[in-house]
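The sequence lines fix the lettering, A, B, ..., with proteins before strands; numbering per chain opens at 1. These numbers were taken from a predicted model, which means no experiment stands behind them.
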Amino acid sequence: MYASLLERHRRGCKLIEITENLCKGCEICIEFCPLKVFEKSDKLNRKGYYLPVVTDEDQCVGCRLCELLCPEFAIIITNE
Amino acid sequence: MSEPRHRLMDFVREEIMPHRFCSGCGCGTVLNAFTNAVEGIGLDSAKMVCVSGIGCSSWIPSPYFKSDTLHTTHGRPIAFATGVKVMRPDLTVVVIAGDGDVAGIGGNHLIHAARRNIDLSVFMVNNMIYGMTGGQVAPTTPAGVKTTTTPHRNVEPAFKVADLVVAAGASYVARWTTYHVFPLLESMQNAMSRKGFSFIEIMSQCPENYGRRIGLRTGIDFLRQFKEKAIRVDKARGMTEEELEDRIVIGKLCDVERPEYVTELQKVTAEQVDLLRAEKEKVD
C-alpha cells in the first residue's frame, strides 16, 4: 500500500480512500463529484449498503467536495 | 486489513461511529462541516461547550462531537447556553439544535438572546419538519405540505427564522444549505471566532420523514433541489416577494458590531464594586 501511495505522490495524484463500514450508501459522493470520479458498485459492506467505488482516480483534482459532503466521514482524500 | 482513519475522528466520539442518522441525512454533513470548522480555526475542544436540545439535529454535538456538551430540555438550549456564557465567558459556547427547538418551542429565547447580543454561536439545522417524532408540522414547514398533523395540507406559511434574527438585533446572521458546504464551513468559522450573537440557519434534508411527503425520497434529490432553489442574497435584493416565494436566499444576511452582553454586564459589576468600595472607605 505504501509503495503505491509514494508512486501516486510522485505523479501528483490524490489518494481517495473509502472507509467501507462507515458508508451508508447515500450516493451523494457519486452524484455531486464535479468530475464523476465515483460509481456505484455491487459490493456490499457489513451493514448491507452498496458502496461507491473510485473509477478513475487520475481524474480527481482533490477539491474535497466529497469529503466535506459525506455525512459519514467515510471518504478520505490525501492531497499532498 | 485495517480500515483507513479520517483525521477528523479526533474531534468526534469514534467509539460510537457510524452515527445513527439516516442514510442521506443532512445532520451528518453539518457535523462534518462543524468539525472541519473547529479544526480550521484551531479551537481547543476542551475550551468549548456545545449545547443542544431535543431532536435529530441535537444529536450532532451530543453525543457525536467530542467536547463538553449539555443536552437540554426541548426548546431551551439557548437559555442554558446563556447561563453557561455568563458564568464562563472564557469558553466558546455553541448551540446546535433543530428548527423545532430554536424557532418553535424556544422562539422566545432566540429573539431575546439576539436582542442581548450575547456571545453565542447558534447553528440551527432547519429540516422543515419535526423529523424525530414522526413528521409533524413545524413552524418552518412550507405551506401546502401534507404532514402527520396536517393530513390535508399545511395552511401556515413557513417561518423565515434568519430574517427574524436579523430584525432582533444579532451581530452575524447567515443562511446556507447542506449543498453549499464550503461557504457554510467558512461561515461557521466566522461565527465562532467573532464576538456577539451569531446565527446560521442551515437548510438541511430529511429524506425519511419530510422527503417522502413531498416526493424527495433521497438526500440527493434534496441537495439537487437546494442547488436549484438557492439564490445569493445580493442577487435576491432586487427581486419581488413573489419571485422569491419558492427560493432559498443564501449568504451572509447581516454582519455588524454591537456591544456584547457579557462584556456590558462585567462593566456594570465593576462599576458597582468600585462604588461599594468607595462608600466603605468613606464609612471607615
Side-chain angles (χ1 to χ4, degrees), chain A residues 1-6 8-9 14-41 43-54 57 60-80, chain B residues 1-14 16-37 39-40 56-57 60 64-65 125 177-186 188 204-205 207-208 211 217-224 226-227:
Chain A
M1 189 203 162
Y2 288 108
S4 69
L5 208 151
L6 204 70
R8 275 164 207 287
H9 185 71
K14 287 83 199 167
L15 178 70
I16 308 168
E17 287 175 291
I18 297 166
T19 317
E20 295 190 355
N21 286 325
L22 285 182
C23 181
K24 280 189 196 141
C26 68
E27 298 170 26
I28 286 175
C29 51
I30 302 171
E31 175 73 25
F32 291 101
C33 173
L35 293 156
K36 304 284 170 221
V37 169
F38 297 97
E39 203 172 71
K40 194 176 172 179
S41 73
K43 203 178 157 195
L44 291 168
N45 71 356
R46 205 166 54 196
K47 296 250 167 81
Y49 291 111
Y50 287 104
L51 292 165
V53 284
V54 181
E57 205 167 4
C60 177
V61 293
C63 72
R64 287 170 177 266
L65 182 65
C66 55
E67 197 189 53
L68 200 54
L69 268 177
C70 178
E72 313 292 333
F73 296 97
I75 301 175
I76 305 164
I77 310 285
T78 316
N79 196 1
E80 302 288 330
Chain B
M1 197 191 114
S2 70
E3 290 210 304
R5 189 172 179 275
H6 201 291
R7 65 178 204 291
L8 293 173
M9 282 295 170
D10 295 338
F11 292 89
V12 295
R13 292 186 209 274
E14 201 179 352
I16 46 170
M17 298 303 264
H19 50 61
R20 270 116 180 117
F21 299 130
C22 310
S23 169
C25 173
C27 294
T29 310
V30 177
L31 175 63
N32 198 337
F34 178 60
T35 44
N36 262 298
E39 190 209 26
C56 293
S57 39
I60 296 169
Y64 298 121
F65 189 69
V125 183
T177 75
T178 43
Y179 175 74
H180 304 89
V181 268
F182 283 109
L184 170 65
L185 166 62
E186 208 185 301
M188 278 181 165
S204 173
Q205 69 268 32
E208 283 302 319
R217 295 302 297 253
T218 61
I220 299 171
D221 294 338
F222 266 99
L223 292 186
R224 224 182 265 139
F226 286 153
K227 190 180 170 183

Got a second to check how far I28(A)'s CD1 is from C25(B)'s SG, nearest 0.5 Å? 9.0 Å
Whatever's closer than 4.5 Å to a heavy atom in chain A on E14(B) counts as neither
Can you give me the closest heavy-atom contact between L22(A) and M9(B), atom names plus distance? CD1-CE, 3.6 Å
Taking the side chain from H6(B) and the backbone from E72(A), do they hold a donor-acceptor pair closer than 3.5 Å? no
So for E27(A), is it side chain, backbone, both, or neither that comes closer than 4.5 Å to the heavy atoms of chain B? both
Answer yes or no: is there a donor N or O on one side and an acceptor on the other, between the side chain of K24(A) and the main chain of F21(B), under 3.5 Å? yes
Is it the case that atom CZ in R7(B) sees more than 12 heavy atoms from other parts of the structure closer than 6.0 Å? yes
Side chain, backbone, both or neither: which part of V12(B) has a heavy atom under 4.5 Å from chain A? side chain
For I75(A), is it the side chain, the backbone, both or neither that has a heavy atom under 4.5 Å from a heavy atom of chain B? backbone
Under 4.5 Å from any heavy atom of chain A, what part of L185(B) do you find: side chain, backbone, both or neither? side chain
Should we count CD of E67(A) as having more than 12 external heavy atoms under 6.0 Å? yes
Heavy-atom closest pair, residues N32(B) and L68(A): ND2-O, 3.4 Å
Would one find more than 12 heavy atoms of other residues, nucleotides or ligands at under 6.0 Å from atom NZ of K227(B)? no
Could you tell me which portion of T35(B) (side chain, backbone, both or neither) has an atom closer than 4.5 angstrom to a non-hydrogen atom of chain A? side chain
Given that the side chain runs from C-beta out, which part of R5(B) has a heavy atom under 4.5 Å from chain A: side chain, backbone, both or neither? backbone
Applying a strict 4.5 Å limit to non-hydrogen atoms, the region of C27(B) in contact with chain A is neither
Roughly how far, to the nearest 0.5 Å, is the CZ atom of F73(A) from the CG atom of L8(B)? 5.5 Å
Which atoms form the tightest heavy-atom contact between P4(B) and I76(A), and what is the distance? CB-CD1, 3.8 Å
Report, as yes or no, whether the 6.0 Å neighbourhood of atom CD on E31(A) holds more than 12 heavy atoms from other residues, nucleotides or ligands. yes
